[in-house]
Number of protein chains: 2
Amino acid sequence: MNDDHSPRTLETVTRACRVIEALEELGGAGVTELADHLGLSKSSTHSYLATLREQQFVVKSGDTYELGLEFLYLGTAVRHNHDLYRHGSEEIERLADETGEYVHLMAEQHGLERNVYKVAGENAVGAEYHARKQQRADYLHFSSTGKAVLAQLETGRLERILDQYGLVERTEHTITDRERLYDELQRVRERGYAVNDEEEIQGIRAVGAPVVDSDGTVLGAVSVSGPKSRFDGELFNEELPEAVIGSANVIEANVNMSSATRSL
Amino acid sequence: MNDDHSPRTLETVTRACRVIEALEELGGAGVTELADHLGLSKSSTHSYLATLREQQFVVKSGDTYELGLEFLYLGTAVRHNHDLYRHGSEEIERLADETGEYVHLMAEQHGLERNVYKVAGENAVGAEYHARKQQRADYLHFSSTGKAVLAQLETGRLERILDQYGLVERTEHTITDRERLYDELQRVRERGYAVNDEEEIQGIRAVGAPVVDSDGTVLGAVSVSGPKSRFDGELFNEELPEAVIGSANVIEANVNMSSATRSL
DNA sequence: TTAACCGTTCGCATATCACGAACACTGTTC
DNA sequence: GAACAGTGTTCGTGATATGCGAACGGTTAA
């Protein structure tokens, strides 16, 4: 049950991945700049860039190398193959229409939260929040979707994730105590939805519900988020939870329907 | 002026790229399946997958490996960094509203056409066309955007691209003769826009205009496409060309404005 | 029970990659 | 106008990381 005997990995591939990430972070770079950034020699860095370019993963304009549109292609392909997007995008759009707020569809990968799809409702606010959610990947313990997912994991995996990443404090409201988090997750399981009360960003609240497979594995979670001023009272405690859980259930139904027809 | 002395390239990186592409094509795969597909040994294939997984580029569910959401992140990052998207997305949306048809924003990379952004107008039709445009990358010589771009390239680059890829026939209307293409490109330059008259897909016409930098380099092209039945007469010969050129000009202005302010 | 599949691990031989030094080119500086 | 400090690029070499095959552990089917 333990997948820990770290398998043999290829340094050359690892370095290639770091080159790609660095190009993204820097928004394109020259050979020398990249070499410094990665701690590689200029000549080696050049070889990596030349290879990625030959494979059309990277383009060169003038003397700077950038990630190519191949990544956009791969990204949309990944999204379209993802169960949550295939069976959830329409429902997410509907929910954004209904609530008028920001709606997110997230999945967990490698113990971190990844954005699958997001839609801004008519009254959706929060340029800052929007930008924050643009992050590569983020921790699970301070978002409504993250907590909704964590609450569904078997304790073994939960603990391994917490061990690996810890409970980083993002705002003063972030839960940083392990026992408090366990209590919180218990409440999430009881209520069927999770809440983010300014734990990720000051002034922003969110309500999230997990999307669970028919075999009980979590696929991810749906959330609605908005300003604290608006997210209050009956809306925050009843209407939104109901709406979010409803959407999650619709998506679950779509997923299960499709997997049922697939096995005919 | 010749960049041809093919530089030294890293086989390990090339193979990693092929693994990624194969995972995309197959929509996820097991070790043995991938090894067969790539002509590598099982053990080597495993090492590649293990490395890509460690770098969080790949996820493993059960016994099948799939591309991770990292690619979606990288893809949207690439799009948001792309000049055409930054300064063109709004205009493209406006054009889709105005015409009610399918609108595309494309760029050339490595001599092929890459989709940057697309918006479906209200009456937009063509599921097939839509799917076709989902392609990884396509040739330049049979699309309106592709021809608009080709018409702006210096003859050296143009010839190198044609030498590399040839004039593949996609439909019976595709231009497969070099001289005829040169004539066509000359007309494109004279009129300021390019036409695709069922050269890519039967029954689909399109009008495209290039987006050119202030130093004269092509950034890409805009197009409007739709069914032959509707794309006819005054609309096809005057209104749409005017609209498409207008949009291209707006995007050019945005791009130049931004590069002007940047150099202060 | 056996057999035929998986995915994974490991040792070994060899091909591959990292480095530094040199090159070509550009723009700057004095 | 010449020397210089920056680029990006090429190439030879030695150290080592990688590819392979064989074997292992597991699951499913016969």
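Fair warning: this is a prediction, and the values are worked out from it, not measured in the lab.
Here the closest heavy-atom approach between residue Leu72(A) and residue Val116(B) is recorded as CD2-O, 3.6 Å. Residues Val13(A) and Thr12(B) approach most closely at CG2-CG2, 3.7 Å, considering heavy atoms.
For the pair His46(B) NE2 and dA17(D) C1', the computed distance is 17 Å after rounding to whole Å. Atom CG of Leu49(B) is separated from atom P of dT9(C) by 12 Å (rounded to the nearest Å). Remark: C1' of dA15(C) and CG of Leu40(B) are 15 Å apart, rounded to the nearest angstrom. As a whole-Å value, the separation of Asp63(B) CG from dG25(D) P is 17 Å. The CG-C1' distance, from Leu38(B) to dC20(D), rounds to 15 Å in whole Å. For Leu10(B) and dG19(D), the CG to C1' distance is 16 Å, given to the nearest whole Å. In this structure, CD of Glu11(A) is placed 12 Å from P of dG19(D), rounded to the nearest angstrom. Nucleotide dG19(D) holds its P atom 12 Å from the CZ atom of Arg18(B), rounded to whole Å.
Looking at heavy-atom distances under 4.0 Å, Thr32(B) makes contact with sugar-phosphate atoms alone, never a base.
Of the side-chain N and O atoms in Tyr65(B), one or more sit less than 4.0 angstrom from OP1 or OP2 of dT8(C). For Ser43(B), no side-chain nitrogen or oxygen approaches OP1 or OP2 of dT9(C) to under 4.0 Å. An OP1 or OP2 oxygen of dA17(D) is reached within less than 4.0 angstrom by no side-chain nitrogen or oxygen of Arg15(A). At the phosphate of dC17(C), OP1 or OP2 sits under 4.0 Å from a side-chain N or O atom of Thr12(B). Distances shown here put a side-chain N or O of Tyr48(B) below 4.0 Å from the OP1 or OP2 atom of dG19(D).
Contact annotation: the side chain of Glu66(B) never approaches that of Asn81(A) to less than 4.5 Å [non-hydrogen atoms, C-beta and beyond].
Contact check on Arg136(B) versus Glu24(B) returns a salt bridge, with a Lys/Arg side-chain nitrogen under 4.0 Å from an Asp/Glu carboxylate oxygen. Look at Asp163(B) and Arg178(B) and you find a salt bridge, because one of the NZ, NE, NH1 or NH2 atoms lies within 4.0 Å of a carboxylate O, short of that distance.
A donor-acceptor contact under 3.5 angstrom links the side-chain atoms of Arg8(A) to the base of dG19(D).
Out of dT8(C), dA18(C), dG21(D), the shortest distance to the side chain of Lys42(B) is found at dT8(C). Proximity note for Lys60(B) (side chain, C-beta onward) versus dC19(C), dT8(C), dG19(D): the nearest is dT8(C).
DNA chain C forms stems at C:1-4 with D:27-30, C:7-30 with D:1-24, each a run of 3 or more consecutive Watson-Crick or G-U wobble pairs whose two key distances fall under 3.5 Å.
Remark: the Arg15(B) side chain and the Tyr48(B) side chain contain an N/O donor-acceptor pair separated by less than 3.5 Å. Looking only at atom types and distance, the side chain of Ser143(B) has a donor-acceptor partner in the side chain of Glu113(B) under 3.5 Å away.
Of the two residues near DNA chain D, Asp36(A) and Thr9(A), the one whose nearest nucleotide lies more 5' is Asp36(A).
Ring geometry for His141(B) against Tyr139(B) counts as tilted: the plane angle lies between 30° and 60°, on a 0 to 90° scale.
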